[in-house]
Amino acid sequence: MNTINPQAQELNEIIEATNPYVLNMLSEKGKNIFFPKKGILAQSADAKGKEINATIGIALEEDGSPLSLDCISKLISLDKNNAFPYAPSYGRPDIRKTWKKMIYEKNPGLGSICISDPVVTNALTHGLSICGYLFGNDGDNIHISDLYWGNYRLIFNNGYGINFVTYSTFSGEGLDIDAFRKALLEGEPTKRIVSLNFPNNPTGYTPTESEMQQMTSILIESAEAGNNIVALIDDAYFGLVYEDGIAKESIFTYLANAHQRILAVKIDGATKEDYVWGFRVGFLTFAVKNGTPLLYSALEAKTAGAIRGNISNSSNLSQSLLNSAFCSDDYVSQKKEKFNTLQNRYEVIKRILETHPEYKEAFSPLPFNSGYFMCLTAKNADAEAVRQKLLEEFSTGIIVANDVLRIAFSSTPTNLLEKLFNNIYLAIKSIQN
Ligand SMILES: Cc1ncc(COP(=O)(O)O)c(C=O)c1O
């Protein structure tokens, strides 16, 4: 790597002055990145408001509005200026402000804890990848429970050479807290990247409030032992919790002010929460005990720099559409309506499992209480063989990963749930050893 750019150095010094542990958490790439304040962006800013501004890298009509094709603009009722030009690499200021307000509203436990402004990513996969860029060196480890979203491998391992160190997800009906404790406390103090994803893909599990407290205590204990912890909090399915007593707030709330050696990184977005999978709008938000706006502005600048050098910026059209949806009067009630659809499917599945004791001969459900999915383990039958049987003889598709069957009730109409579980039962029975 070349010698460090003075703009990156300046950000590192700001970070170090407030919290040296956070500087230690950054990867080599993370230490070197900065959001260029000089060059093209600075020169464009200088030209703002001038009679002739020949700096901007987009095309304008003779009247100064964005030049556009009618066959596209006629489909968009938003102001052209909110759709066609580039959005800033940080994201549109309006949606960043709205989302931040929403994070506080959805997580009242945050109270007045100071968190960063969210930086807009091209949805969560990109946000996770940017975390790999900022925090992961080749050969670093990530602690993750053994049931996780498969794409993490491409993002962290293929993308940044980060090794997976797994611990068991469940013990009985809840989380394997002992395994989590062991993962976070064994070995010499070091930087530790920890992945936390609730509601979880694939299991559909969110910790109980007490489990979340216990995880928080373990993370604090680990920080007190000298570990510098980057907690990557993937909140893709945030808000879809269907039972009482299950944590309704993100673990980000618990960690935001927990310890100076714990950097909580919230990776969230509209994809699953707001049912806009193809819009590609997500956010990265940081919090650490005693974090200051200056520290956060340095982390935001590094994030925006990584984005600038990677995708440049996220879709302006999608950000504008979502910001106006978030500010609309109908947003909350419409969101509740769709939540009810998913919750109802969850309740129906619980009922199906309760009313069919014979299913216990064929499979056991893993703990689930939230999100888009639930998982089953097949008894005396190979999971992949079950999947093949379901495809071939029952016209039914499910996912198999890590030897468990993952059922996406998010995408199964309620009236087909009964049949789905019956098909699984029959398929397993037909191939049981
Ligand atoms: C746990 C988890 N995180 C992140 C994502 C990716 O979301 P996005 O489509 O916003 O990239 C998914 C999508 O399946 C997911 O299950």
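We're numbering straight along the sequence, starting at 1. Both ligands and their constituent atoms are indexed starting at 1 by order of listing.
Relative orientation of the W99 and F326 rings is tilted, given thresholds of 30° and 60° on the angle between their planes. Between F373 and Y237, the two ring planes are perpendicular [angle over 60°; tilted spans 30° to 60°]. Ring geometry for F409 versus Y346: interplanar angle of 30 to 60°, hence tilted. Using cut-offs of 30° and 60° on the angle between ring planes, the pair F286 and F135 is perpendicular.
At the shortest separation from atom 10 (O) of ligand 1 among protein heavy atoms lies T271 OG1, 2.6 Å. In this structure, the protein non-hydrogen atom closest to atom 3 (N) of ligand 1 is D234 OD2, 2.6 Å. At the shortest separation from atom 11 (O) of ligand 1 among protein heavy atoms lies T125 OG1, 2.5 Å. Protein heavy atom closest to atom 15 (C) of ligand 1, with residue, atom name and distance, is Y237 OH, 3.5 Å. Atom 9 (O) of ligand 1 has R280 NH1, 2.9 Å as its closest protein atom, hydrogens excluded (heavy atom only).
For ligand 1, the atoms lying closer than 4.0 Å to a non-hydrogen atom of N197 are 1 (C). For ligand 1, the atoms closer than 4.0 angstrom to any heavy atom of K272 are 12 (C), 13 (C), 14 (O).
When non-hydrogen atoms are compared, ligand 1 lies under 4.0 Å from the backbone of L124 as well as from its side chain. Counting heavy atoms under 4.0 Å from ligand 1, residue H126 does not touch it at all. Contacts with ligand 1 closer than 4.0 Å are made by no heavy atom of W277, backbone or side chain.
Taking the centre and axis of the six-membered ring of F238, the NZ or CZ atom of K272 falls outside the cone set by 45° and 6.0 Å.
T169 and D146 form a side-chain donor-acceptor contact under 3.5 Å, judged by distance and modelled atom types alone.
The environment of I218 atom CD1 is dense: over 12 non-hydrogen atoms of other residues, nucleotides or ligands sit within 6.0 angstrom.
The heavy atom nearest to atom 6 (C) of ligand 1, considering only W149, F279, Y372, is found in W149.
Y148 does not count as a contact of ligand 1, since none of its heavy atoms falls under 4.0 Å from the ligand.
When atom types are taken as modelled, the side chain of R345 and the backbone of S410 share a donor-acceptor pair closer than 3.5 angstrom.
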